[in-house]
There are 2 protein chains.
Amino acid sequence: MNFNPITIRDIAKALGISVSTVSKALRDSYEISDKTKKLVNDYAEQNNYRPNPIAQSLKKGHSKSIGIVVSTIENQFFSQVINGIESVAYQAGFNVIITQTHESYEMELKNVEQLTHHALDGLLISLSTETKDVSHLKHLHQQGLPIVFFDRITNEIETHKVIADNFKGGYDATRQLLNAGYKKIAHITSPPNISITSERFAGYEHALKEVGMDIPSAYIKHCAHGGRDMSEIENALNELLSLKDKPDAIFTTSDRITTTTLYLLTKMGIKIPDDIALVGYTNTTLADVLNPPLTSVYQPAFEMGRKAAEMLLSLILSKHPVTEFETITLPTQLFVRRSTLPKKAL
Amino acid sequence: MNFNPITIRDIAKALGISVSTVSKALRDSYEISDKTKKLVNDYAEQNNYRPNPIAQSLKKGHSKSIGIVVSTIENQFFSQVINGIESVAYQAGFNVIITQTHESYEMELKNVEQLTHHALDGLLISLSTETKDVSHLKHLHQQGLPIVFFDRITNEIETHKVIADNFKGGYDATRQLLNAGYKKIAHITSPPNISITSERFAGYEHALKEVGMDIPSAYIKHCAHGGRDMSEIENALNELLSLKDKPDAIFTTSDRITTTTLYLLTKMGIKIPDDIALVGYTNTTLADVLNPPLTSVYQPAFEMGRKAAEMLLSLILSKHPVTEFETITLPTQLFVRRSTLPKKAL
DNA sequence: TTGAAAGCGATACCAC
DNA sequence: GTGGTATCGCTTTCAA
């Protein structure tokens with residue numbers, strides 16, 4: 001199948017003028033007479049002429065498009081981030097190419113590989129849970145590809161980064177449970193190698209230490225793929241529930257882990273918060289109508305996307321090499337709902 | 001900022017051979033000796049050579065990328081469709097560029113405009129709720145751009161299409177309410193101009209007619225932007241609830257309308273299903289843990305994406321103009337949950 | 001087996 | 001004001 005749009009050369013031929021004149025006329029150059037401009041523009045319009053962006057990209061050395069790598073767009077957190085990115089990119093006339101890793105390191109490699117090298121002006125990335133080695137990105141970064149990290153970042157690469165205040169998110173969630181009278185707080189989270197895990201864990205730990213409590217290591221459960229597979233969470237839950245000293249509350253990180261935990265507990269017939277309280281990270285708009293309404297840590301996802309995109313565009317558009325980088329930390333919000341009802345109220 | 005990856009010319013110069021030899025060696029042409037191939041490939045590997053896809057696209061006349069236009073990826077239905085599309089496109093080595101209309105006709109125009117013309121090998125689109133005129137797409141289609149419609153289609157353009165069985169979805173949902181003993185069934189839906197609205201309405205109507213019931217027009221509410229703005233649904237609900245003859249059940253279409261209706265009814269203190277039963281279209285994985293668990297029409301979104309992408313690729317890859325088109329209809333599934341509990345059980 | 005050169009579409013420098 | 005031409009990086013005849 002082909003698709004043969006008209007080119008600048010067709011216009012030149014049809015009008016009996018040169019291609020350079022046509023090109024300049026279309027770009028409204030001061031060198032071209034109004035008469036010629038009108039002639040060219042009218043013809044272009046009538047024949048539905050559109051410049052071929054590929055040729056423009058090749059010539060200009062940039063593609064006006066940026067790549068995004070996230071684990072999965074089905075996660076509302078990421079779709080909201082993408083909306084934020086898009087809102088900025090669109091304004092600036094940039095295209096956005098989205099790829100998903102589904103939490104696989106291999107997919108991350110492939111996607112980055114596929115996206116990069118001149119077809120992209122910059123990259124926005126949140127690492128997969130499997131990612132431990134970032135040399136694929138280091139390489140590109142050294143070659144000069146502008147990269148901005150968001151959410152799951154690495155400190156092996158010096159560039160702009162945008163994160164939520166993960167420490168505070170973890171702290172607030174845990175503190176809320178403690179204030180509500182829960183004392184045995186388990187934590188189901190992503191693998192320790194990704195940044196958000198350790199930051200949130202630090203907040204959790206700090207809240208517990210603050211009230212002089214220990215963290216029994218049996219209460220910490222890592223899901224290798226951030227809850228991608230339900231079995232990960234099922235196992236964690238089964239282990240927690242078969243402990244002699246069962247937890248009376250759970251703090252979950254990530255949308256997927258949170259909602260799946262809610263689902264599984266419900267299915268097991270465990271009452272929330274009566275049997276076990278639950279607080280989790282989630283950006284779903286449905287937190288209020290869940291059963292029970294879910295106490296949750298909300299991240300400013302849209303804003304994170306906006307900021308990340310703005311920083312990336314500033315790198316792309318900068319005339320000089322950028323050597324000063326910053327890491328923006330956005331506040332999280334704790335929404336208290338029934339899933340962490342104070343113990344005495346039960 | 002720039003980013004200067006090595007080119008085929010650099011390799012040629014470094015090795016003292018011609019660019020055409022390098023090009024052929026890299027593509028493993030039979031014309032080139034093994035020795036030269038090895039030389040070139042080793043050098044390329046060591047210097048991290050990557051072909052510039054823009055130059056390749058310009059030369060070959062295609063970009064190996066397809067565009068997707070949906071209303072919003074925050075809707076799980078669409079993110080699942082996109083996952084399906086991606087799974088097929090990725091296998092075939094195609095990039096996917098996603099854009100969102102946010103239910104605006106103007107955005108649809110802009111996105112399509114931005115996406116098309118040679119930077120794209122094909123387009124997958126679900127129309128915005130505002131779209132009445134599809135001449136922007138007709139144009140492109142006439143010029144030869146392969147297009148496949150999914151979900152919200154138009155019959156003004158002859159090409160492949162993939163939809164869910166919207167009639168049956170509407171019928172099943174309504175029938176379920178009738179079977180459960182509800183008799184006054186309201187319908188909150190998208191504007192009548194989009195295909196899914198009328199198809200689902202027809203199913204609803206058929207189920208009611210079947211049992212000899214009338215459809216009071218006051219029970220049918222259209223949300224101009226498919227529930228994008230909460231106020232649309234709030235108004236619809238207020239009007240329904242102030243009717244002298246209040247409905248005892250509501251059938252909603254679209255994820256957004258469904259979940260927002262649930263949210264608003266809850267906020268108004270209306271008990272579901274006691275005061276009003278609810279059945280809605282939604283692809284959220286959370287239907288089971290909503291309060292109450294929601295009877296819902298589930299669409300095979302991933303499958304829809306797969307099929308649409310396959311059809312698009314077949315158009316793109318076809319050597320001959322395609323003149324026979326088909327419309328695939330995928331089955332929907334009704335999941336019965338507590339929100340439509342039989343009246344007698346209440 | 002290798003290389004020269006044309007060409008994909010648009011841009012921009014330099015002549016005229 | 002207008003036109004010729006080299007160029008972006010790669011592919012592909014066609015000659016050698």
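Numbered from 1 within each chain, the chains take letters A, B, ... in sequence-line order.
- Regarding contacts with the backbone of dA10(C), a side-chain N or O of Tyr49(A) is found under 4.0 angstrom from either OP1 or OP2.
- Remark: Glu106(B) CD is loosely packed, at most 12 non-hydrogen atoms of other residues, nucleotides or ligands lying under 6.0 Å away.
- Rounded to a whole Å, the CG atom of Leu15(B) is 12 Å from the P atom of dT2(C).
- In this structure, Asn52(A) atom CG and dC8(C) atom C1' are separated by 8 Å, rounded to whole Å.
- The distance from atom NZ of Lys13(B) to atom P of dC10(D) is 12 Å, rounded to the nearest whole Å.
- Remark: the backbone N or O of Ser135(A) is paired with a side-chain donor or acceptor of Asp133(A) at under 3.5 angstrom.
- Under the ring pair (Phe, Tyr, Trp, His ring centres under 6.0 Å) criterion, no residue pair touches residues 70-94 of chain A, with sequence neighbours excluded.
- Rounded to whole Å, atom P of dT2(C) lies 13 Å from atom CG of Leu26(B).
- Using a 4.0 Å cut-off between a side-chain N of Lys or Arg and a carboxylate O of Asp or Glu, Glu103(B) and Arg152(B) qualify as a salt bridge.
- For the 3.5 Å distance criterion, the side chains of Thr101(A) and Ser104(A) fail to qualify, holding no donor opposite an acceptor.
- Proximity of Arg27(B) to the phosphate of dT11(D): a side-chain N or O atom is located under 4.0 Å from OP1 or OP2.
- Between Lys37(B) and Asp28(B) there is a salt bridge, since a side-chain N of the basic residue sits under 4.0 Å from a carboxylate O of the acidic one.
- Comparing the end axes of the helix from dT1(C)-dA16(D) to dC16(C)-dG1(D), each fitted to five base pairs by superposing C1' atoms of four pairs onto the next four, gives an inter-axis angle of 50° (nearest 10 degrees).
- Within the structure, a side-chain polar atom (N or O) of Gln56(B) is placed less than 4.0 Å from OP1 or OP2 of dT11(D).
- Atom CD1 in Ile8(A) sits roughly 11 Å away from atom P in dA12(C) (whole-Å rounding).
- With sequence neighbours excluded, the residues that form a ring pair (Phe, Tyr, Trp, His ring centres under 6.0 Å) with His136(A) are Tyr105(A).
- Lys161(B) approaches Asn155(B) most closely through the heavy-atom pair NZ-CA, 3.8 Å.
- At least one donor-acceptor pair closer than 3.5 Å links the side chain of His160(B) to the backbone N or O of Glu326(B).
- We find that CD1 of Ile32(B) is positioned 13 Å from P of dT11(D), with the value rounded to whole Å.
- The distance between atom CG of Leu58(A) and atom P of dG9(D), rounded to the nearest whole Å, is 7 Å.
- Across residues 33-45 of chain A, Ser33(A), Thr36(A) each have a non-hydrogen atom less than 4.0 Å from an atom of DNA chain D (numbered order).
- Asn193(B) contributes a side-chain N or O that, together with a main-chain N or O of Thr131(B), makes up a donor-acceptor pair within less than 3.5 Å.
- Atom pair Asp10(B):CG and dG9(D):P shows a separation of 8 Å (rounding to whole Å applied).
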Pull out every protein N or O sitting under 3.5 Å from an N or O of nucleotides 3-6 of chain D, one pair per line with the distance.
from	atom 1	to	atom 2	distance (Å)
dG3(D)	OP2	Ser18(A)	N	3.2
dG3(D)	OP2	Thr21(A)	OG1	2.6
dG3(D)	N7	Ser20(A)	OG	3.3
dG3(D)	O6	Lys24(A)	NZ	2.4
dG4(D)	N7	Ser20(A)	OG	3.1
dG4(D)	O6	Ser20(A)	OG	3.1

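- With hydrogens and angles left out, the side-chain atoms of Asn95(A) and Ser65(A) include no donor and acceptor closer than 3.5 Å.
- An OP1 or OP2 oxygen of dC8(C) is reached within less than 4.0 angstrom by a side-chain nitrogen or oxygen of Arg9(A).
- Every side chain to side chain contact (heavy atoms under 4.5 Å, CB included) that Ser18(A) has, sequence neighbours left out, goes to Ser20(A), Thr21(A).
- Nearest to the side chain of Lys60(A), among dT11(D), dT11(C), dG9(D), sits dT11(C).
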